[in-house]
A.B. asks: 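Below you will find the structure I want to go over with you.
Atoms considered below: every heavy atom in the structure, side chains included; atoms not considered: hydrogens, waters and symmetry mates.
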Amino acid sequence: MEGLNAAEQREFASRMERKQMKEFMTMYSKMVQRCFDDCVNDFTTKSLINREETCIMRCVDKNLKSSARLNERFQEQNAAMMQSGSMGGN
């Protein structure tokens, strides 16, 4: 980003923000679909039964925790690569 002027930097930041939002929405949609498919199977009532609600809460919690852990590992790996000089042209 060092070689970009202010307008180019704003455009780049805007594109990155849109890309991150799209990735988040994709991940969220997949999680919702996965938890729904795994947990909801009684369509005789209009609301979730206790078992389904508990299953969904566990499913969402597990997905969010695993996503957070993956993000931590990615950051750890990225930091290690930066320290070893594997990135950034060092």
A.B. asks: Does atom CG of D42 have more than 12 heavy-atom neighbours from other groups under 6.0 Å away?
C.D. replies: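 Yes, because the 6.0 Å sphere around CG of D42 holds more than 12 heavy atoms from other groups.
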A.B. asks: Using 0.5 Å steps for rounding, measure from the CZ atom of R58 to the CG atom of D38.
C.D. replies: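 That separation rounds to 13.5 Å.
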A.B. asks: Quick one, C55 with C35, criterion disulfide bond (SG atoms under 2.5 Å apart). Give me CA distance, side-chain angles, the key distance, then yes/no.
C.D. replies: CA-CA 8 Å; C55 179; C35 292; over 6 Å; no
A.B. asks: Salt bridge or not for E8 and R15, using N-O below 4.0 Å?
C.D. replies: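 No salt bridge links E8 with R15.
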A.B. asks: Indicate every side-chain donor-acceptor pair of residues 59-67 with a distance under 3.5 Å to a residue at least two apart or in another chain.
C.D. replies:
from: D61; atom 1: OD2; to: K65; atom 2: NZ; distance (Å): 3.2
from: N63; atom 1: OD1; to: R34; atom 2: NH1; distance (Å): 2.5
from: N63; atom 1: ND2; to: C59; atom 2: O; distance (Å): 2.7
from: S66; atom 1: OG; to: K62; atom 2: O; distance (Å): 3.2
from: S66; atom 1: OG; to: N63; atom 2: O; distance (Å): 2.9

A.B. asks: For the atom pair CZ (F24) and OG (S29), what is the distance rounded to the nearest 0.5 Å?
C.D. replies: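 Taking CZ in F24 and OG in S29, the distance rounds to 9.0 Å.
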A.B. asks: Scan E17, R10, R18 and name whichever one has a side-chain hydrogen bond (donor to acceptor under 3.5 Å, both in side chains) with S14.
C.D. replies: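 Only one of E17, R10, R18 forms a side-chain hydrogen bond (donor to acceptor under 3.5 Å, both in side chains) with S14, namely R18.
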A.B. asks: Taking only residues two or more places apart in sequence, or in another chain, which ones meet K19 in a side chain to side chain donor-acceptor pair (under 3.5 Å)?
C.D. replies: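 Side chain to side chain donor-acceptor pair (under 3.5 Å) check on K19 returns E23.
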A.B. asks: Check whether M57 and I49 end up in the same hydrophobic cluster, where Ile, Leu, Val, Met, Phe, Trp and Tyr are linked by side-chain heavy atoms less than 4.5 Å apart.
C.D. replies: no
A.B. asks: Mind checking side chain to side chain donor-acceptor pair (under 3.5 Å) for N71 and listing every partner two or more places apart, or none if nothing turns up?
C.D. replies: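 N71 satisfies side chain to side chain donor-acceptor pair (under 3.5 Å) with no other residue.
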A.B. asks: Please tell me if the side chains of M31 and M27 come closer than 4.5 Å, counting only heavy atoms from C-beta onward.
C.D. replies: no
A.B. asks: Between CG of N50 and CD of E53, what distance do you get to the nearest 0.5 Å?
C.D. replies: 6.5 Å
A.B. asks: Run the side chain to side chain contact (heavy atoms under 4.5 Å, CB included) test on M21 and M25 for me, step by step, so that the C-alpha distance in whole Å, both residues' side-chain angles and the decisive distance to 0.1 Å come before the verdict.
C.D. replies: CA-CA 6 Å; M21 180 57 77; M25 293 306 294; 4.1 Å; yes
A.B. asks: Looking at N41 and R51, what are the two nearest heavy atoms and their distance?
C.D. replies: OD1-NH1, 3.6 Å
A.B. asks: Using a 3.5 Å distance criterion without hydrogens, assess whether the side chain of E52 forms a donor-acceptor pair with backbone atoms of V40.
C.D. replies: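 Answer holds: no.
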